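Have a look at the structure below before the remarks.
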Amino acid sequence: MYLEDKNIKLPENSTIVWKYLDLSKFVDLLLYKKLFMSRSDKFEDQYEGTFSEPTFEEIRKLSVNNPEFLDYYKIHRTNVVISSWHINEYESFAMWQIFTQKSEGLAIQSTLKRIQEALVPEQTYEQHIGEVNYIDYKKEYIPFDNTFFPFLFKRKSFQYEREIRIISDVTSHNLTIDNGLKIDVDISQLIEKIYIHPKSENWYKNLVIELVKRLGYDFKIEKSDLESDILI
């Protein structure tokens, strides 16, 4: 499950993680009990799954007499899918701003241990978990002795994401992936608590509570306290 290597950080099982999403994606998750994983080259960061300059120079030299070596890495990005989670002990105002629209959105709170246990073992696609390293792509080296490593390094500009990832490589399945695919998860195990957008109105919180109840779940649901009354 974990990508064990000196180059990859392994957070503690008790590490708190978050996923910020809109209501439609949340309902889709509960209704179908499947977690969406995005194709790696569909992320906003164009460097996703690529190499730093020092690593690229080494790969380029190795591929002089074997151009297929470099082509493999280019094609590989279309066969790797990722589910991203934010590491933080507390809510993140920045994540609310980036990943939710207006005042309608919510956040799933979980832990690394919960995610690991929520992944159904009889999956068609094998999952791996690793924490993202943030480096200087002009100076620092990304190892390539493991095909997952390019997807666990990002530029320092993205440090605010504090990301942990579930990653699957579906190359051997000969699939044509559009934007991504869904994997089976144990929803009750995955979700520890749900937070409602800090700027949402009471009707929105009540709607989420009713939806969760009708779909047969009893998660603890709270309104974000980022907009609580000041004590003056």
Side-chain angles (χ1 to χ4, degrees), residues 1-22 25-26 29 35-52 55 76-100 105-119 125-137 140-144 146-170 179-183 185 190-195 224:
M1 177 69 70
Y2 290 120
L3 288 169
E4 298 183 3
D5 187 275
K6 64 181 180 179
N7 301 292
I8 301 299
K9 295 180 287 184
L10 295 177
E12 298 293 327
N13 280 344
S14 59
T15 299
I16 297 174
V17 296
W18 304 76
K19 179 170 280 293
Y20 294 80
L21 65 173
D22 60 33
K25 291 179 181 177
F26 176 66
L29 174 65
L35 180 67
F36 179 75
M37 299 182 72
S38 176
R39 204 173 89 176
S40 70
D41 62 337
K42 295 293 184 178
F43 281 89
E44 187 176 5
D45 180 15
Q46 62 179 349
Y47 281 75
E48 196 69 61
T50 64
F51 288 105
S52 60
T55 304
H76 191 226
R77 298 172 67 202
T78 66
N79 292 319
V80 173
V81 291
I82 297 169
S83 174
S84 301
W85 295 73
H86 172 66
I87 299 174
N88 207 325
E89 186 176 352
Y90 306 101
E91 289 178 69
S92 167
F93 180 77
M95 294 296 108
W96 280 120
Q97 295 290 101
I98 295 169
F99 292 105
T100 62
L106 45 86
I108 293 172
Q109 184 191 79
S110 188
T111 64
L112 184 58
K113 185 174 186 294
R114 278 183 168 271
I115 288 179
Q116 187 178 14
E117 293 177 349
L119 295 173
Y125 319 111
E126 183 178 352
Q127 286 90 46
H128 299 272
I129 297 175
E131 185 176 348
V132 173
N133 297 263
Y134 299 94
I135 66 170
D136 184 337
Y137 267 48
E140 297 183 73
Y141 182 82
I142 297 176
F144 58 94
N146 185 309
T147 57
F148 286 105
F149 285 171
F151 306 95
L152 288 171
F153 287 84
K154 295 190 72 171
R155 291 174 293 168
K156 285 185 177 292
S157 303
F158 292 88
Q159 278 182 312
Y160 67 90
E161 292 180 347
R162 300 184 62 190
E163 193 175 348
I164 189 167
R165 292 180 155 185
I166 305 168
I167 307 176
S168 289
D169 181 356
V170 300
N179 293 313
L181 54 78
K182 295 179 181 180
I183 61 169
V185 288
L190 179 70
I191 299 174
E192 182 169 12
K193 191 183 294 186
I194 297 167
Y195 283 82
S224 166

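Worth saying up front: this structure is predicted, and the values here are computed from it rather than measured.
Inter-residue side-chain proximity for F26 and I108 is flagged as met; some heavy-atom pair is nearer than 4.5 Å. Within the 4.5 Å cutoff, side-chain heavy atoms of R155 are placed close to those of D45. Looking at Y134 and V132, their side chains come closer than 4.5 Å, going by heavy atoms from C-beta outward. When side chains are defined from C-beta on, M37 counts as touching I166, because their heavy atoms get closer than 4.5 Å. Between Q109 and Y195 there is a side-chain heavy-atom pair separated by less than 4.5 Å. At a threshold of 4.5 Å between non-hydrogen side-chain atoms, the residues S14 and T111 do not count as touching. Residues T50 and F153 are not in side-chain contact: their nearest non-hydrogen atoms beyond the backbone lie 4.5 Å or more apart. Looking at heavy atoms from C-beta onward, K182 lies out of side-chain contact with L35 at the 4.5 angstrom threshold.
Taking E117 as the reference, K113 meet the salt bridge (charged side-chain N to carboxylate O under 4.0 Å, His left out) condition, with sequence neighbours excluded. Checked against side chain to side chain donor-acceptor pair (under 3.5 Å), R39 has the following partners two or more places apart in sequence or in another chain: D41.
Checking side-chain atoms of Q116 against main-chain N and O of L112 turns up no donor-acceptor pair under 3.5 Å.
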Stepwise side chain to side chain contact (heavy atoms under 4.5 Å, CB included) test for F43 and I82: CA-CA 10 Å; F43 281 89; I82 297 169; 3.9 Å; yes
message: Before you tell me yes or no, could you show the steps for K154 and E48 under salt bridge (Lys or Arg N to Asp or Glu O under 4.0 Å), namely the whole-Å CA-CA distance, both residues' side-chain angles and the distance that decides it to 0.1 Å?
response: CA-CA 7 Å; K154 295 190 72 171; E48 196 69 61; 3.6 Å; yes
- prompt: Stepwise, does the side chain to side chain contact (heavy atoms under 4.5 Å, CB included) test hold for E163 with R165?
  reply: CA-CA 6 Å; E163 193 175 348; R165 292 180 155 185; 2.6 Å; yes
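Rounded to the nearest 0.5 Å, atoms CG (D169) and CG (N79) are 6.5 Å apart. Note that the OG atom of S157 and the CG atom of D136 stand 9.0 Å from one another [nearest 0.5 Å]. Expressed to the nearest 0.5 Å, how far OG of S38 lies from CG of L181 amounts to 9.5 Å. In this structure, CG on L119 lies 11.5 Å from CD on E126, to the nearest 0.5 angstrom. To the nearest 0.5 angstrom, L152 atom CG is 10.0 Å from I142 atom CD1. Taken to the nearest 0.5 Å, the CG atom of L106 stands 14.0 Å off from the CZ atom of F99.
Ring planes of F151 and H76: perpendicular class, angle over 60° (limits at 30 and 60°). Under the 30°/60° scheme for interplanar angles, the aromatic rings of F148 and H128 are found to be tilted.
Minimum interatomic distance between W18 and I16 (heavy atoms only, all atoms of both residues): NE1-CG2, 3.6 Å. Annotation for K19 and S84: closest pair NZ-O, 2.7 Å, computed over non-hydrogen atoms. The heavy-atom pair separating L190 from S110 by the smallest distance is O-OG, 2.6 Å. Shortest non-hydrogen contact noted between I115 and V17 is CD1-CG2, 3.6 Å. The minimum heavy-atom distance linking I167 with V80 is given by the pair CG2-CG1, 3.6 Å.
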Would you mind writing out the side-chain donor-acceptor pairs for residues 87-95 within the sub-3.5 Å range, not counting sequence neighbours?
unit_1: N88; atom_1: OD1; unit_2: Y90; atom_2: N; d: 3.2
unit_1: N88; atom_1: ND2; unit_2: H86; atom_2: NE2; d: 3.1
unit_1: E91; atom_1: OE1; unit_2: W96; atom_2: NE1; d: 2.9
unit_1: E91; atom_1: OE1; unit_2: S224; atom_2: OG; d: 2.6
unit_1: E91; atom_1: OE2; unit_2: S224; atom_2: OG; d: 3.3
unit_1: S92; atom_1: OG; unit_2: A94; atom_2: N; d: 3.4
unit_1: S92; atom_1: OG; unit_2: M95; atom_2: N; d: 3.1

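Both the sub-6.0 Å distance and the 45° axial angle are not jointly satisfied by R77 relative to the ring of F51.
The environment of K25 atom NZ is sparse: at most 12 non-hydrogen atoms of other residues, nucleotides or ligands sit within 6.0 angstrom. The number of heavy atoms from other shown groups lying within 6.0 Å of CZ (F158) is above 12.
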